[in-house]
Amino acid sequence: MKIIRDEKDEMEIILEGETHTLCNALRKILLEDETVKAVAYSIDHPIIGEPHMYIRGDNPRKSLKKAAKTLKERSKEFKDLIERSSP
């Protein structure tokens, strides 16, 4: 991750080597946070582009850390669920 801008109420980052999969998951979780006013991302070129994510809110850095933790927890829950249901 490369931080482009990190201000009190705005943050812009590049998620190097990532795709829509991670970006959409983070975006969705960030939108669940009441302190986040806006979140969006774009990938300029589908093959060689790097995702740029923009977050605006009360404390974007804190919100991003919280969203990453939530995504990790939900992924573990999903993995556990799959492993339990496998024969």
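We count residues from 1, following the sequence as given.
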So which of Asp33, Asp9, Thr35 actually passes side chain to side chain contact (heavy atoms under 4.5 Å, CB included) with Asp58? Thr35
Could you check Met11 against Leu64 for side chain to side chain contact (heavy atoms under 4.5 Å, CB included), going step by step and ending with a plain yes or no? CA-CA 9 Å; Met11 185 175 203; Leu64 182 60; 4.2 Å; yes
Mind checking whether Ile82 and Arg84 have side chains closer than 4.5 Å, heavy atoms only? no
Val36 with Ile4, same ILVMFWY side-chain cluster at under 4.5 Å: no
Quick one, Met1 and Ile14 - any side-chain contact, counting heavy atoms below 4.5 Å? no
Return a table of donor-acceptor pairs under 3.5 angstrom between the side chains of residues 43-55 and protein atoms on other chains or two or more places apart.
unit_1, atom_1, unit_2, atom_2, d
His45, ND1, Ile47, N, 3.0
His45, ND1, Ile48, N, 3.2
Glu50, OE1, Gly17, N, 2.7
His52, ND1, Glu50, O, 3.1
Tyr54, OH, Glu10, OE2, 3.0

Can you find a heavy atom in the side chain of Leu30 that is under 4.5 Å from one in the side chain of Ser63? yes
Test side chain to side chain contact (heavy atoms under 4.5 Å, CB included) applied to Arg27 and Ile29, step by step: CA-CA 6 Å; Arg27 183 184 60 80; Ile29 293 169; over 6 Å; no
Would you call Asp6-Arg61 a salt bridge at under 4.0 Å N-O? yes
Verify the neighbour count for atom CD of Glu34: are there more than 12 heavy atoms of other residues, nucleotides or ligands below 6.0 Å? no
Same hydrophobic cluster for Leu81 and Leu71, using side-chain heavy-atom links shorter than 4.5 Å among ILVMFWY? no
Result of checking Leu22, Asn24, Leu26 against Tyr41 for side chain to side chain contact (heavy atoms under 4.5 Å, CB included): Asn24
Return the NZ to CD distance between Lys66 and Glu32, rounded to the nearest 0.5 Å. 9.5 Å
Partner of Lys79 under side chain to side chain contact (heavy atoms under 4.5 Å, CB included), chosen from Glu77, Glu83, Lys76: Glu83
Answer yes or no: are there more than 12 heavy-atom neighbours, outside Lys28 itself, under 6.0 Å from its atom NZ? no
